[in-house]
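Each remark here refers to the structure printed beneath this line.
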Amino acid sequence: MAEKEISLPEASNFIEQIINEELATGKFEPVGNKIKVRFPPEPNGYLHIGHLKALSINFGVKDKYHGEINLRMDDTNPAKEDYEYVEAIKKSLEWLGLKYDRLLFASDYYEKLYEIAEKYIREGNAYVCDLSAEEITATRGTLTEPGTPSPYRERSVEENLKLFREMRAGVYPDGAKVLRAKIDMSSPNINMRDPVIYRIAHVPHYRQGDKWCIYPMYDFAHPISDAIEGITHSLCSLEFENHRPLYEWVIEKAGFPAPVPRQIEFARLNITNTLMSKRYLKKLVDEGVVRGWDDPRMPTLAGLKNRGVPPVALKKFVEGVGVAKAYAVVNSAQLDSCIRDELNENAERAMAVVNPLKLTITNYEGEEELTFDVNPLHPETGTRSIKFTGSVYIERDDFALVPPPKYKRLTVGGTVRLKGAYIVRCDEAVQNENGEVTELKCTYFPESRSGSDRPCAVKAKGVIQWTDCKYGAAAEFRQYEQLLKDEQYPDQDYDERLNYESEHIFRGYAEPYLAEAEEDKPFQLLRAGYYKKCTDGGKLVLSEIVSLKDSFNK
RNA sequence: UGGGGCGUCGCCAAGCGGUAAGGCAACGGACUCUGACUCCGUCAUUCGGGUGUUCAAAUCACUUCGCCCCAGCCA
């Protein structure tokens with residue numbers, strides 16, 4: 001218990017525990033005890049809420065150890081990648097306020113990677129294999145049976161070198177040959193059975209153009225990229241556990257000096273009611289079911305942003321979820337809670353109705369301005385004014401023909417307070433031929449005006465929100481409460497899921513105040529649980545609104 | 001079935017041999033011009049099961065059951 005030059009921070013998860021132990025044993029003294037991590041997305045889609053965990057862990061480690069973090073695009077498969085995605089990824093990190101030390105690309109290492117591949121060949125650690133993809137699969141063996149060596153496994157170094165150079169030169173078509181690591185065809189770990197490390201693909205790369213027609217595989221490129229960058233901890237999700245021996249083999253054979261990067265795996269983030277596979281998300285975008293990757297219905301960070309989710313809420317959520325190795329599905333209620341919590345604290349308030357029911361005050365004439373606190377929790381943020389003309393929309397659920405027990409809102413003959421305005425009594429519920437209530441006729445009590453010191457004999461059981469018929473603005477927003485029980489939720493069928501999502505984007509009327517929203521500023525509508533951030537530079541999406549109004553004035 | 005992992009409250013999750021933190025959810029109650037918020041209170045004699053070691057185990061050992069991952073020229 002002697003030499004303790006470094007004071008170790010308190011570990012808040014098992015990864016940090018490991019790092020502390022390594023630091024304590026002096027493993028990183030050769031690099032000045034500098035911890036380096038990386039966040040390595042493949043630019044083949046937008047970042048989604050699942051990436052949040054990797055982000056949080058990596059940036060958390062970086063901050064805690066005053067280390068460095070690279071944002072590295074893991075772009076080794078040109079068929080799927082594009083600049084659009086690297087820009088989107090950068091934007092999402094910026095939105096979250098995460099600052100990385102440098103932006104790097106695996107594709108910038110292609111030359112270096114190629115040199116290491118040749119080194120492998122020269123040292124007998126790799127060979128060119130002519131087997132087809134099907135043949136490779138067939139000879140790989142099964143979970144219980146060992147694989148059989150490729151007939152090309154024992155090619156000479158010279159021949160391998162020649163062939164590999166020809167592969168690079170474009171002599172062979174796609175699939176004709178691959179470079180394989182020469183490890184162990186009978187390893188119980190299938191990943192070690194001579195994995196492919198280079199394939200031929202005559203596909204232009206979004207950054208390299210047609211400079212290359214052979215591309216390194218993840219299992220080869222990733223460990224080496226980590227090593228090149230001097231990454232100390234390569235944190236990834238559980239499904240790469242089986243790749244760890246290969247990760248270590250690749251680095252060892254490449255001959256990097258210690259300390260060499262260490263891969264540590266953690267459990268992915270799963271959330272109920274939220275599908276996160278890129279395949280699924282991309283399909284939604286490609287088929288035009290959503291407006292884009294940033295559609296507020298999407299679980300992408302860009303979508304969440306457009307939904308009005310504050311980045312801090314996301315941070316709190318992911319920190320609250322913790323880091324462990326046990327498979328976990330976090331209930332979306334936990335996310336909702338973090339969002340509501342943040343909104344409750346910081347969002348300005350506004351009223352809105354989703355499912356409007358017209359309420360007309362028969363004894364009211366003229367119009368007036370009512371003043372509200374912008375945020376009751378923080379009165380110092382100011383006030384807002386809403387016009388009131390005596391004709392308003394209220395939420396359909398706030399009126400009941402036959403009230404359930406303990407109902408606190410409007411009923412025929414009952415009274416309720418229109419928030420910030422007057423107490424009204426419902427005299428008549430106008431119904432159409434189908435018995436549906438189409439309008440409420442009410443009388444109001446002038447002396448009940450909000451803020452008035454005149455005593456008012458009338459008492460209201462409840463308070464409801466409203467928007468003025470003449471001045472209210474049409475709006476679109478999403479209800480973030482979990483309306484359906486988990487078991488009813490279509491978990492895998494994405495068409496059903498989309499229907500579900502569509503039903504949870506609501507259109508209705510809101511205070512005109514909302515239409516003036518600043519970009520990125522979420523609102524908590526007075527009925528807790530609703531919130532909305534206006535897209536398109538802070539303005540409501542008008543095309544949605546026009547059709548809305550039509551359907552309202554049926 | 002070969003290999004690699006994981007099992008602590010309905011959902012996450014601390015705990016690392018000294019007698020089960022916390023959050024979400026839920027449930028009571030107070031307050032309320034948001035049935036919200038806030039506030040107070042309740043919510044694992046038990047750590048997948050069993051057996052051992054120990055004065056003492058969720059923590060160690062053995063065993064058993066369950067779940068996840070791996071046979072892409074994806075990452």
Side-chain angles (χ1 to χ4, degrees), chain A residues 12-14 17 40-42 44 74-77 79-81 106 129 131-134 136-147 174-180 186-193 195-201 214-215 217-219 221-222 236-245 265 267 269-272 278-279 316-317 319-338 340-341 344-345 349 351 372 376-377 398 406-409 416-421 423 448 450-451 460-465 482 486 524-529:
Chain A
S12 57
N13 57 245
F14 78 96
Q17 265 175 30
E42 183 188 13
N44 65 347
D74 233 349
D75 52 357
T76 53
N77 184 1
K80 294 182 174 178
E81 296 148 4
C129 180
L131 256 25
S132 69
E134 298 71 43
I136 287 181
T137 301
T139 54
R140 185 146 29 215
T142 67
L143 296 180
T144 51
E145 300 158 307
D174 291 4
K177 286 177 167 41
V178 291
L179 184 70
R180 292 229 250 170
S186 58
S187 169
N189 182 339
I190 295 183
N191 294 301
M192 298 298 269
R193 321 238 261 232
V196 171
I197 56 177
Y198 262 96
R199 78 285 216 175
I200 300 172
I214 57 172
Y215 293 93
M217 300 287 288
Y218 166 88
D219 279 318
H222 199 91
C236 61
S237 49
L238 246 30
E239 64 265 34
F240 292 104
E241 249 171 340
N242 297 324
H243 295 244
R244 199 192 321 136
E265 311 84 9
L269 173 62
N270 294 290
I271 304 175
T272 60
K278 273 191 190 163
R279 171 209 137 259
K316 281 184 197 161
F317 167 69
E319 279 160 17
V321 152
V323 181
K325 291 192 76 166
Y327 175 82
V329 184
V330 179
N331 200 301
S332 61
Q334 198 161 333
L335 207 213
D336 294 341
S337 166
C338 291
R340 269 191 265 110
D341 205 50
N344 184 45
E345 193 60 36
R349 313 291 140 129
M351 298 193 291
F372 293 75
L377 254 29
D398 289 343
K406 293 188 179 173
Y407 193 68
K408 290 172 69 174
R409 292 106 89 191
V416 80
R417 159 157 245 121
L418 296 178
K419 166 99 182 158
I423 291 176
S448 68
S450 201
K461 275 181 299 181
V463 181
I464 64 174
Q465 57 177 317
Q482 183 184 338
D486 290 358
Q524 184 196 358
L525 302 183
L526 283 186
R527 170 151 303 205

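It should be emphasised that the depicted structure is a prediction, and the values quoted were computed from it without experimental measurement. Labels below follow one simple rule: chain letters A, B, ... track the order of the sequence lines, proteins then strands, and each chain is numbered from 1. FYI, side chains are in, hydrogens and waters are out, and symmetry mates aren't considered; it's all heavy atoms of this structure.
In this structure, Ile200(A) reaches neither bases nor backbone, as no heavy-atom distance under 4.0 Å exists between it and the strands shown. Residue Leu131(A) is in base contact, counting any heavy-atom pair closer than 4.0 Å across all strands shown. Looking at heavy-atom distances under 4.0 Å, Gly462(A) makes no contact with the nucleic acid at all. Residue Ser132(A) is classed as a base contact, given a heavy-atom separation below 4.0 Å to a base. Within 4.0 Å of Lys325(A), counting heavy atoms only, lie sugar-phosphate atoms of the nucleic acid but no base atom. Note on Tyr407(A): a base of the nucleic acid sits closer than 4.0 angstrom, heavy atoms only. Residue-level contact check: Lys406(A) touches the bases, meaning some heavy atom is under 4.0 Å from a base atom. Residue contacts for His243(A): at a heavy-atom cut-off of 4.0 Å it reaches a base atom on one of the strands shown.
The separation of A61(B) from G29(B), taken at their C1' atoms, amounts to 50 Å, rounded to a whole angstrom. Rounded to the nearest Å, the gap between the C1' atom of G2(B) and that of C73(B) is 25 Å. A distance of about 14 Å separates the C1' atoms of A44(B) and A14(B), rounded to the whole Å. Distance noted for atom C1' between G66(B) and C55(B): 34 Å (whole Å). To the nearest whole angstrom, the two P atoms, one in U45(B) and one in U63(B), are 29 Å apart. Atom name P, nucleotides C62(B) and U19(B): the rounded distance is 26 Å, in whole Å. A gap of 22 Å separates the P atoms of C16(B) and C12(B), to the nearest Å. Spacing of C1' atoms, C9(B) relative to G48(B), comes out at 14 Å, to the nearest Å.
Taking atom CG of Asn242(A) as the reference point, atom P of A75(B) lies 17 Å away to the nearest angstrom. For the pair Asn270(A) CG and C12(B) P, the computed distance is 10 Å after rounding to whole Å. Rounding to whole angstrom units, CD1 of residue Ile271(A) and C1' of A25(B) are separated by 16 Å. Between Glu241(A) atom CD and G4(B) atom C1' the separation is 6 Å, expressed in whole Å. Across the protein-nucleic acid pair, Met192(A) atom CE and G3(B) atom P stand 16 Å apart, rounded to whole Å. We find that CD of Glu134(A) is positioned 14 Å from C1' of A71(B), with the value rounded to whole Å. If you measure from atom CZ of Phe14(A) to atom P of A13(B), you get 11 Å, rounded to the nearest angstrom. Atom CD of Glu345(A) and atom C1' of C37(B) are 10 Å apart (whole Å).
Taking side-chain N and O atoms only, Gln17(A) has a distance below 4.0 Å to OP1 or OP2 of G15(B). Thr76(A) has a side-chain polar atom (N or O) that falls below the 4.0 Å cut-off from OP1 or OP2 of A75(B). In terms of phosphate contacts, Arg279(A) brings no side-chain nitrogen or oxygen within less than 4.0 Å of OP1 or OP2 of G72(B). For Arg193(A), no side-chain nitrogen or oxygen approaches OP1 or OP2 of C70(B) to under 4.0 Å. The phosphate of G72(B) (OP1 or OP2) has a side-chain N or O of Arg140(A) nearer than 4.0 angstrom.
Distance from the side chain of Lys80(A) is smallest to C74(B) among C33(B), C74(B), C37(B). Residue Met217(A) places its side chain closer to G72(B) than to any other of C70(B), U38(B), G72(B). If you check C37(B), G2(B), C73(B) against the side chain of Ile190(A), the one that comes closest is G2(B). Listed candidates were G2(B), A25(B), C73(B). Nearest to the side chain of Thr144(A) is G2(B). Ranking G35(B), C73(B), A75(B) by closeness to the Ala133(A) side chain, first place goes to C73(B). When the nucleotides A25(B), C74(B), C73(B) are ranked by their closest atom to the side chain of Val178(A), C73(B) comes out on top. Among the nucleotides C24(B), A71(B), A13(B), the one closest to any side-chain atom of Ala326(A) is A13(B). Candidate nucleotides A75(B), C37(B), G2(B) were compared by shortest atom distance to the side chain of Phe240(A), and A75(B) ranks first. Which of C74(B), A71(B), C12(B) sits closest to the side chain of Thr142(A) comes down to A71(B).
With respect to the salt-bridge test (charged N to carboxylate O, under 4.0 angstrom), the residues Lys325(A) and Glu241(A) qualify.
Contact annotation: side chain of Asn189(A) to base of G2(B), donor-acceptor pair absent below 3.5 Å. Scanning atom types as modelled, no donor and acceptor separated by under 3.5 angstrom connect the side chain of Asn331(A) and the base of C24(B). For a distance-only test at 3.5 Å, the side chain of Arg409(A) qualifies as a donor-acceptor partner of the base of G35(B).
Closest heavy-atom contact between Thr76(A) and Ala106(A): CG2-CB, 4.1 Å. Closest approach of Val321(A) to Leu269(A), counting heavy atoms only: CG1-CD1, 4.1 Å.
Nucleotide C27(B): paired with G41(B) (Watson-Crick or G-U wobble, both distances less than 3.5 Å).
When the side-chain hydrogen bond (donor to acceptor under 3.5 Å, both in side chains) test is applied to Glu265(A), the partners found at least two apart in sequence or on another chain are Arg244(A), Gln263(A).
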Distances under 3.5 Å between protein N/O atoms and the N/O atoms of nucleotides 21-23 of chain B, please, pair by pair.
unit_1 : atom_1 : unit_2    : atom_2 : d
G23(B) : N2     : Gln334(A) : OE1    : 2.8

